[in-house]
Amino acid sequence: MVIGIADCNNFYASCERVFNPALEGKPVVVLSNNDGCIVARSNESKALKIKMGEPIHHYKELVKSKGVHVLSSNYELYGDMSARIMRLLNRFVPVMEVYSIDEAFLDLTGFDDVVSRCHSLQRTLKAWTGIPISIGVGPNKTLAKVANRIAKQTPSMDGVLYLSELAQIQAALADFPCEDVWGIGYQFNQLLKRNNIKTALELTQVHDVWIQKHMTIDGLRLVDELRGNFRRDLDLSPSPKKSIGSAPSFGEAIPDLPTIQEALATHVARCAEKLRRQYSAANLITVFLHTNRFNPKVPQYFQTRTVSLPHASSATSELIQYADSVLQSIYQDGYHFKKVGVLLSGFVPDDFHQMALYTEQPDPRMKQLSNVMDQLNGKYGRDKVRLAIQGFKQNWKPKRQLLTKRYTTRIEDVIRAT
DNA sequence: TCTGGGGTCCTAGGACCC
DNA sequence: TCTGGGGTCCTAGGACCC
């Protein structure tokens, strides 16, 4: 496989520049919703050591002295721009996965002269949308991400790098810190540091068992991809969301219930709209209520409650009503709340719930299975069967599609071996 | 003083059902 | 009466991504 990742450079900042070319060449930062944190930076801002995610007030001096342009975010604009970019990419690369607002995985398998193809894609996008992109290419998603990062850091590459040969990959990984690997965040990096694993190359040499134990099955897949194996397919059709939530903070902490109720209703309405747009209805509703966790001086209160609805719903008024009753059940007097939020989940297709599909039916495989168990017990004796099962139970978890025959064979194998 | 918001997946244990 | 089996739902916590 040949997998690319196309990634827009400094996406929000670049979008702002498209609509205001005067910002070209100047340091730009874009802020989060209520203008709290920095969520995007132009290269010039990065050069000033302005960090991602930091509150803007940390940079008061710098903003003034260096003339940094500070902008509120405009997600509608970014969404539109993103859709244009994805459509355009798709014209040149038919098999792709839209991974985030500013990234897409591209299946470049079978393309010839991958590097120059990527360069021309880059030029086309820049010319037609004004947005600069970088493209990393490798045998799988993880290595494509690695390549992309290196391409961005190395000006001579002009934003494109294809890691193809094993030797080339290993050379790149030898200089690549673990913390920059896609899927390794702060906690895993600390863990690796404690075990003296610093580069991605070193990580590829760690035993699978250790990786899976400490970093779960996701970690194992990731490490396997660093080794050059293909473990994660492109996700070609965007699946409907599994949960939809909304929980912006209040500008100021709020003590009184009616104001909180009103805010919650607004959030629920927004979620319900999203829910209907994807033709889902929710079975579960979660409400949470927080005080300001950053202010240790005020008494803290943090409550979350999930309730299941009597029937799946996507109706705004109905959902608001349920959310409100949950809110009232967790609300407590005497606190100043900074955030109230809602999360809808447990989705079913919207018209599905109207059909009476929820008749309980016993699973026929149960009967089948107990017959098999009886037969085995009769044939080998209860103790042997039990021992055999214990032997492989830990390592082998049959999934949903239980195949009784396969299961029986496994048990018999183990008995024969012991 | 001020500190984002919206998502995903995995693990593990307990209650309960067939 | 106990054991063996698969399975769901729920909760809670922990990790990650952009």
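Both backbone and side-chain heavy atoms feed into the values below; hydrogens, waters and symmetry mates do not. Naming: A, B, ... by sequence-line order, numbering from 1 per chain.
- Counting any heavy atom pair closer than 4.0 Å across all strands shown, A:Ile244 reaches sugar-phosphate atoms only and no base atom.
- Of the two residues near DNA chain B, A:Pro240 and A:Phe294, the one whose nearest nucleotide lies more 5' is A:Phe294.
- In this structure, the CZ atom of A:Phe188 is 7 Å from the P atom of C:dA15, given to the nearest Å.
- Ranked by how close their nearest DNA chain B nucleotide is to the 5' end, A:Ser246 and A:Pro55 are led by A:Pro55.
- Contact check, A:Lys339 against B:dG5: a side-chain N or O comes under 4.0 Å of OP1 or OP2.
- At least one test fails for A:Lys241 against the ring of A:Phe347: distance under 6.0 Å to the centre or angle within 45° of the axis.
- When the side-chain nitrogen and oxygen atoms of A:Lys274 are compared with OP1 and OP2 of B:dG7, one or more of them lie within a distance under 4.0 Å.
- Side chains of A:Glu16 and A:Tyr78: a donor-acceptor N/O pair is present below 3.5 angstrom, by distance only.
- Put simply, A:Lys242 has a side-chain N or O that comes within less than 4.0 Å of OP1 or OP2 on B:dC9.
- With rounding to whole Å, A:Asp180 atom CG is found 11 Å from C:dC18 atom P.
- Counting non-hydrogen atoms under 4.0 angstrom, A:Lys297 reaches nothing in the nucleic acid.
- An OP1 or OP2 oxygen of B:dC10 is reached within less than 4.0 angstrom by a side-chain nitrogen or oxygen of A:Arg221.
- For the pair A:Ser100 and C:dC17, the criterion of a side-chain N or O lying under 4.0 Å from OP1 or OP2 is not met.
- Under 4.0 angstrom from either OP1 or OP2 of B:dG5 there lies at least one side-chain N or O belonging to A:Ser249.
- Among the nucleotides C:dC18, B:dG6, B:dT11, the one closest to the side chain of A:Pro248 is B:dG6.
- At the phosphate of B:dT8, OP1 or OP2 sits under 4.0 Å from a side-chain N or O atom of A:Ser243.
- Of the options A:Glu273, A:Arg276, A:Arg270, a side-chain hydrogen bond (donor to acceptor under 3.5 Å, both in side chains) to A:Thr316 is made by A:Arg276 and by none of the others.
- Residue A:Glu103 is in sugar-phosphate contact alone, with no base atom involved, counting any heavy-atom pair closer than 4.0 Å across all strands shown.
- Atom NZ of A:Lys66 sits in a sparse spot, with 12 or fewer heavy atoms from other residues, nucleotides or ligands closer than 6.0 Å.
- Using a 4.0 Å cut-off between a side-chain N of Lys or Arg and a carboxylate O of Asp or Glu, A:Arg231 and A:Asp218 do not qualify as a salt bridge.
- The side chain of A:Arg293 sits closest to B:dG4 out of B:dG4, C:dC18, B:dC2.
- Among the atoms of the strands shown, only primed sugar atoms or phosphate atoms (P, OP1, OP2) are found under 4.0 Å from some heavy atom of A:Ile184.
- Distance check on atom P: C:dC16 versus B:dC2 gives 27 Å, rounded to whole Å.
- Minimum atom distance to the side chain of A:Asp218 is reached by B:dC10, of the listed C:dC17, B:dT8, B:dC10.
- Counting non-hydrogen atoms under 4.0 angstrom, A:Tyr99 reaches the backbone sugars and phosphates but no base.
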